[in-house]
2 protein chains.
Amino acid sequence: MTEGNPAGVGLRERKKRATRAALVAAAVRLAAEHGAEHVTVDAISEAAGVSARTFFNYFDARDDVFVMIGADASARVRQAVLAAPAELPPLQALRDAMATELAEIEQQQELWRLHSEVLRRSPHLLARSLGAHMADELALAETLAERIGAGSPLFSEDRPALGSPDDERRRRALGLYPRLLAAVGIAAVRVAVEHWCVRQDELAFVDVFRETFEHLAAGLPAPSPAGPAGPADR
Amino acid sequence: MTEGNPAGVGLRERKKRATRAALVAAAVRLAAEHGAEHVTVDAISEAAGVSARTFFNYFDARDDVFVMIGADASARVRQAVLAAPAELPPLQALRDAMATELAEIEQQQELWRLHSEVLRRSPHLLARSLGAHMADELALAETLAERIGAGSPLFSEDRPALGSPDDERRRRALGLYPRLLAAVGIAAVRVAVEHWCVRQDELAFVDVFRETFEHLAAGLPAPSPAGPAGPADR
DNA sequence: ACGCAAAGATGCAGGCTCTGCAAAAAGTAC
DNA sequence: GTACTTTTTGCAGAGCCTGCATCTTTGCGT
């Protein structure tokens, strides 16, 4: 009924995306100004030009509007993991895929800076955001399994909700290693980003990122007192 | 008003703990039976024998009552990390500390099984639980820093909320390595537990746990098709 | 034992979040 | 233009959460 239209995706679809984007933009702008917990659904909806009831047609919970940014970045990482040269070890393939994505995000700085500002001032949202990425982690584990070749043809782009029966089935089909690699990789990126955010002035993100994955590849040995993977940084 | 009383911690304190425990127990029991999202604060409070208003004197949000189990386990892990033999590499010290704690938890099986059942059926809570452990991660990173000797005398038992100015300061004082080790270690435990939960019948948790940390210590190399971490235990 | 001060529990008012339902409005196809 | 589908909206209602005033319990000195 729909997608036969390459030029225009259909007025309906376009309007929906516009509304969603307007809600997210309004929410982030208001949150940056007044603090996320003082921004009501009514205020967001009014700023976006829709009714409060409509807000809940787009988001299951008020907080979701603050964590639904970059929902497609993880999909691109998975694609890159599959496209990586076959001779690369899994950890390196993952590292490179993530590096590419992070570089692109670094260019949209402004939006992400506002967003991270909001998250910093509302730890509650940070926690929620973290949890929201659990589904990404599972999907990434599947992709890694497929790349390694240990997996069955699990590839599919739809992601069932956490805890669904389907989700259950997919977990069973995965080995320990892909899941571990996915979890550890995501944790490493998170730590690298946080570490860099705290000392933006002193360090280049690329260096932090490289050092982080060097630690991992080395098996996390105790760092020498001077510097872990190079000259010390303070 | 303090600790001078070894025999009894004071009636007041005991009552508070009892109330908190009663609320948690009632909540988990009700959630296991009816599903977490159908359990109201009123129902929990009534089952625990207190008023609904009192519930919010103990928990900031209704969902918190479902994720506040084992809040003191992480403190014991930190203690064990510090107490570990000095010649142990950090990763191993962390592994052993976690293993001890997990063994103790394995004995309270019943409560934890119920709890994990609740989390499984309510992914929303799982996400929240994940985020709640962020503070633990930071504290663990500090402890690891102290053990390594790279840290200043940061030791203190009070944990400021995520995002507080104090939290900010403490993050700055930490190097990349301790934070990475803490994040990766916690992620590894989570994966091991999940992997084991999904195939409880086939595997012993100890084995899954050991294999997980072998992967880490080896630097996450691509597993050989046959056996993941080489020819088994050493 | 008595009474005082601190801490906790409770009730209540009120605002905000979120859901189901049915009617109105807007887009789509014929 | 008409009929069909999708989206938006208002409304009612349940539940979540907080601030405030009050009452009860506990800890402790005398």
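Bear in mind that the values here come from a model prediction, so they are computed numbers and not experimental data. The sequence lines fix the lettering, A, B, ..., with proteins before strands; numbering per chain opens at 1.
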B/Thr54 side chain near B/Ser45 side chain, heavy-atom distance below 4.5 Å: no

Sugar-phosphate, base or nothing in reach of A/Arg53, heavy atoms under 4.0 Å: base

Phosphate OP1/OP2 of C/dA9: any B/Thr54 side-chain N/O under 4.0 Å: no

Rounded distance (Å) that lies between atom C1' of C/dG8 and atom CZ of B/Arg17: 16 Å

B/Arg190 with A/Glu137: basic N within carboxylate O range, under 4.0 Å: yes

Distance, rounded to the nearest Å, where B/Asp42 contributes CG and C/dC12 contributes P: 13 Å

Interatomic distance where CG belongs to B/Asp63 and P belongs to C/dC18 [whole Å]: 11 Å

Sugar-phosphate, base or nothing in reach of B/Asn57, heavy atoms under 4.0 Å: base

Value in whole Å for how far the P atom of D/dT8 lies from CD of A/Glu13: 11 Å

Rounded interatomic separation in angstrom, taking CZ from B/Arg14 and P from D/dT26: 10 Å

Protein-nucleotide distance (A/Leu11, atom CG; D/dT5, atom C1'), rounded to Å: 14 Å

Nearest-Å distance for atom pair NZ/P, residues A/Lys15 and D/dT5: 21 Å

Sugar-phosphate only, base, or nothing, as touched by B/Ala52 at under 4.0 Å among non-hydrogen atoms: nothing

Nearest-nucleotide 5' precedence on DNA chain C, A/Phe56 against B/Ser51: B/Ser51

A/Tyr58 vs D/dT7: side-chain N/O to OP1/OP2 distance below 4.0 Å: no

Least distance between heavy atoms, A/Ala36 atom then A/Leu125 atom: CB-CD1, 3.6 Å

Test salt bridge (charged side-chain N to carboxylate O under 4.0 Å, His left out) applied to B/Arg17 and B/Glu13, step by step: CA-CA 6 Å; B/Arg17 292 191 197 180; B/Glu13 190 60 23; 3.7 Å; yes

Sugar-phosphate only, base, or nothing, as touched by B/Phe59 at under 4.0 Å among non-hydrogen atoms: nothing

Any N/O donor-acceptor pair, A/Arg12 side-chain to D/dT5 base, under 3.5 Å: yes

Ring-face cation of A/Arg20 near A/Phe59 (centre distance under 6.0 Å, axis angle within 45°): yes

Between D/dT7 (P) and A/Leu23 (CG): distance, integer Å: 15 Å

